[in-house]
Amino acid sequence: MNSHPKKLFVRSYGCQMNVYDAQRMADALAPEGYVETQVPDDADLIVLNTCHIREKAAEKVYSELGRMRELRAERQTRGEDMMIAVAGCVAQAEGAEIMKRARGVDLVVGPQSYHRLPDLVARAKAGKVVDTEFPAEDKFAHLPAASREKTLARGPAAFLTVQEGCDKFCTFCVVPYTRGAEVSRPVSQVVAEAERLAAHGVREITLLGQNVNAFHGEGPDGKVWGLGRLLVRIAGIPGVARLRYTTSHPRDMDDELIAAHRDLKELMPYLHLPVQSGSDRILDAMNRGHTARDYLALIDRIRAAQPDLALSSDFITGFPGETDEDFRATLALVRKVGYASSFSFKYSPRPGTPAADMDQIPEAVRSERLLELQALLEDQRQAFNRSCVGREMDVLFDRAGRNQGQVAGRSPYLQPVQVDSSTLGIGDVARVRIVSNGTNSLFGERVGVPADMETVA
Ligand code: SAH
Ligand code: SF4
Ligand code: F3S
């Protein structure tokens with residue numbers, strides 16, 4: 001234990017798993033005396049928690065490292081210093097290459113080694129260190145838990161990684177290489193973490209995994225538990241008002257999980273279920289393992305279990321070999337499903353993935369299709385938001401509102417909701433009637449509370 005406080009700055013890119021990892025890195029370094037700072041300028045240790053999913057994301061790291069090196073040079077003129085570490089998926093994918101390309105990096109650490117950070121940081125003081133092993137030990141068993149204060153400061157909605165890695169090998173994707181094979185945490189470990197979060201005031205937990213619904217953790221009964229069963233168990237923890245899980249693969253939506261959508265009031269009626277493309281030919285070339293019709297039939301089944309379900313998806317435009325007809329099939333699928341929100345990307349060839357060696361289609365075509373798809377998805381998002389006006393829904397309040405006297409929260413469908421209230425606090429879940437919608441937020445008023453009780457004095 002070192003009592004002299006040192007400052008840690010972590011910047012995360014990429015998916016929610018990196019957000020979770022950033023917290024765990026801070027937790028791992030807290031016993032060494034590191035406290036988090038929101039600005040890099042005065043940090044003793046800077047961690048760039050990187051993403052390798054698309055070329056743009058990966059390249060961003062190098063420009064950021066350039067800036068950090070300037071910052072460091074400035075500090076050195078004042079007789080001070082800082083350490084620069086690269087973590088996350090670029091660290092895993094590029095390892096020692098990073099040291100060569102970006103001078104001034106002291107430590108490269110892959111996602112499976114975060115529990116070793118105190119030791120790695122100590123060693124990096126003496127010379128450059130690279131650790132991108134997939135260690136035999138379970139990092140989660142060795143990562144210290146967050147303090148009560150830290151959990152409270154992170155807010156009432158928390159992430160909890162239950163599964164890491166991926167065995168699906170979609171032909172465009174780096175994740176199986178950067179995060180390794182699919183591993184599920186034991187149920188008891190996940191439940192203990194969820195209980196601790198709830199005891200510290202967390203009301204909503206999002207279970208995370210690159211393939212979260214492939215979860216197959218060892219249960220306390222020695223049997224393998226699927227995600228549906230895990231959700232039932234966590235929903236029973238006192239204080240847990242809401243559950244979500246992301247990201248799911250259509251192939252892993254089993255009956256138990258679909259039943260959880262019917263049976264658990266805690267499980268929010270909002271599902272991110274990426275389809276990537278609506279063309280069977282492209283889905284096959286992507287190695288997704290299902291057809292467009294399979295996906296639509298699956299959605300029918302989940303909607304039958306939970307009629308209130310809203311959906312989101314990820315899409316890729318301009319995958320190698322995608323014809324105009326294939327792209328039209330994607331638009332047709334989007335029209336059939338009707339998404340509440342979506343993420344869409346133009347295909348980016350990634351080193352070492354099979355699709356990078358396929359015949360590429362022109363960049364301009366990828367971009368053009370992306371724009372057309374995004375226009376449709378944006379129309380659907382706006383239509384969904386408009387359809388919420390007049391409806392009542394439970395909102396979890398998680399931050400101060402935009403204006404004085406307002407509190408802000410999230411709807412079951414993750415839309416930001418602003419409410420005028422002097423009585424609602426952070427962490428409250430309250431019934432709200434949606435009265436109007438802006439471009440991104442909904443505006444609501446509390447149900448069953450007279451307006452004069454909510455007027456700020
Ligand atoms: N496990 C999740 C996705 C993880 S990556 C799943 O199976 O859906 C998040 C999203 O990034 C993907 O859904 C995909 O839409 C996008 N993506 C991944 N690799 C990409 C690439 N090479 N080019 C463009 N988009 C990509
Ligand atoms: Fe990548 Fe496919 Fe695995 Fe998702 S399922 S992480 S897209 S390989
Ligand atoms: Fe990016 Fe790694 Fe997540 S590549 S999307 S940070 S798993």
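Numbering of ligands and ligand atoms starts at 1, following listing order. Bear in mind that the values here come from a model prediction, so they are computed numbers and not experimental data. These values consider heavy atoms only, across backbone and side chains, with no hydrogens, waters or symmetry-generated copies.
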Task: Arg196/Asp27 salt bridge by N-O under 4.0 Å criterion - done: no

Task: salt_bridge(Arg301, Asp255) N-O dist < 4.0 Å - done: yes

TODO: Start with the C-alpha distance between Glu70 and Arg75, add both sets of side-chain angles, then the distance that settles salt bridge (charged side-chain N to carboxylate O under 4.0 Å, His left out), and finish with yes or no.
DONE: CA-CA 9 Å; Glu70 280 171 27; Arg75 288 283 292 278; over 6 Å; no

TODO: Record the part of Pro274 in heavy-atom contact with ligand 1 below 4.0 Å; permitted values are side chain, backbone, both and neither.
DONE: side chain

Open item on the list: If only side-chain N and O atoms count, and only distance matters, is there a donor-acceptor pair under 3.5 Å linking His115 with Asp138?
Closed with: no

Task: Short N-O contact, Arg72 and Asp81, less than 4.0 angstrom - done: yes

- [ ] Run the numbers on Asn213 and Thr247 for side-chain contact (heavy atoms from CB on, under 4.5 Å), then give the verdict.
- [x] CA-CA 8 Å; Asn213 57 344; Thr247 293; over 6 Å; no

Open item on the list: Looking at atom 21 (C) of ligand 1, tell me if a protein heavy atom falls under 4.0 Å from it.
Closed with: yes

TODO: Sort and list the pairs that fulfil side chain to side chain donor-acceptor pair (under 3.5 Å) and have at least one residue in residues 259-271, not counting sequence neighbours.
DONE: Tyr245-His261

Open item on the list: Any atom of ligand 1 sitting under 4.0 Å from a heavy atom of Val175?
Closed with: no

Task: N or O contact, Ile316 vs ligand 1, cut-off under 3.5 Å - done: no

Task: Arg369 and Glu372 ion-paired at < 4.0 Å - done: no

Open item on the list: Does this structure show an ion pair linking Arg350 with Glu55, if we count only N-O contacts that are shorter than 4.0 Å?
Closed with: no

Open item on the list: With nothing but distance in play, are any N or O atoms of His249 less than 3.5 Å from an N or O of ligand 1?
Closed with: no

- [ ] Using a cut-off of 2.8 Å, count how many protein N, O or S atoms are strictly closer to atom 1 (Fe) of ligand 3.
- [x] 1

Task: Nearest-option assignment for atom 7 (O) of ligand 1, heavy atoms, candidates Arg288, His52, Gln210, Lys346 - done: Arg288

Task: CZ (Phe343) with more than 12 external heavy atoms under 6.0 Å - done: no

Task: Closest protein heavy atom to atom 19 (N) of ligand 1, given as residue, atom name and distance to 0.1 Å - done: Phe172 CD1, 3.3 Å

Open item on the list: Under a 4.0 Å threshold between the charged nitrogen and the carboxylate oxygen, would Arg366 count as salt-bridged to Glu322?
Closed with: no

Open item on the list: If you take the nearest heavy atom of each of Val275, Thr247, Asp314, Asp252, which one is closest to atom 10 (C) of ligand 1?
Closed with: Asp314

Open item on the list: Both conditions, 6.0 Å and 45 degrees, for the charged tip of Arg381 above the ring of Tyr339: are they met here?
Closed with: no

- [ ] Please confirm whether Tyr347 comes within less than 3.5 Å of ligand 1 when only nitrogen or oxygen atoms on both sides are compared.
- [x] no

- [ ] Can you pull out the closest protein heavy atom to atom 5 (S) of ligand 1? Residue, atom name and distance to 0.1 Å, please.
- [x] Ile53 CD1, 3.5 Å

- [ ] Please determine if Arg350 has a nitrogen or oxygen closer than 3.5 Å to a nitrogen or oxygen of ligand 1.
- [x] no

Only distances under 3.5 Å count here; give the side-chain donor-acceptor pairs of residues 15-22 to other protein atoms, sequence neighbours excluded, each with its distance to 0.1 Å.
residue : atom : partner : partner atom : Å
Asn18   : OD1  : Arg179  : NH2          : 2.6
Asn18   : ND2  : Tyr13   : O            : 2.8
Asn18   : ND2  : Thr50   : O            : 3.0
Tyr20   : OH   : Arg24   : NH1          : 2.7
Tyr20   : OH   : Arg185  : NH1          : 3.3
Tyr20   : OH   : Glu193  : OE1          : 3.3
Tyr20   : OH   : Glu193  : OE2          : 2.6
Asp21   : OD2  : Arg179  : NH1          : 2.9

Task: Side chain, backbone, both or neither: Phe345 near ligand 1, heavy atoms under 4.0 Å - done: side chain

Task: Atoms in ligand 3 flagged as close to Gln210, the criterion being non-hydrogen separation under 4.0 Å - done: 7 (S)

- [ ] Identify the protein heavy atom lying closest to atom 15 (O) of ligand 1, giving its residue, its atom name and the separation to 0.1 Å.
- [x] Gln276 OE1, 2.7 Å

Task: Pairing of Lys128 and Asp106 as salt bridge, 4.0 angstrom limit - done: no

Open item on the list: I'd like to know if Lys168 pairs up with Asp252 as an ion pair, taking the criterion as any Lys NZ or Arg NE/NH1/NH2 lying under 4.0 Å from an Asp or Glu carboxylate oxygen.
Closed with: yes

Task: Ionic contact status for Glu64 with Arg69, cut-off 4.0 Å - done: no

Task: Heavy atom of the protein closest to atom 23 (N) of ligand 1 (residue, atom name, distance) - done: Ser348 N, 2.9 Å

Open item on the list: Atom NZ of residue position Lys125 - does it have more than 12 heavy atoms of other residues, nucleotides or ligands inside 6.0 Å?
Closed with: yes

Task: Pocket residues of ligand 2, ordered first by chain and then by residue number (heavy-atom cut-off under 4.0 Å) - done: Cys166, Lys168, Phe169, Cys170, Phe172, Cys173, Val175, Pro176, Asn211, His249, Arg288

Open item on the list: Distance under 4.0 Å to a non-hydrogen atom of Arg54: what atoms of ligand 1 satisfy this?
Closed with: 11 (O), 16 (C), 17 (N), 23 (N), 24 (C), 25 (N), 26 (C)

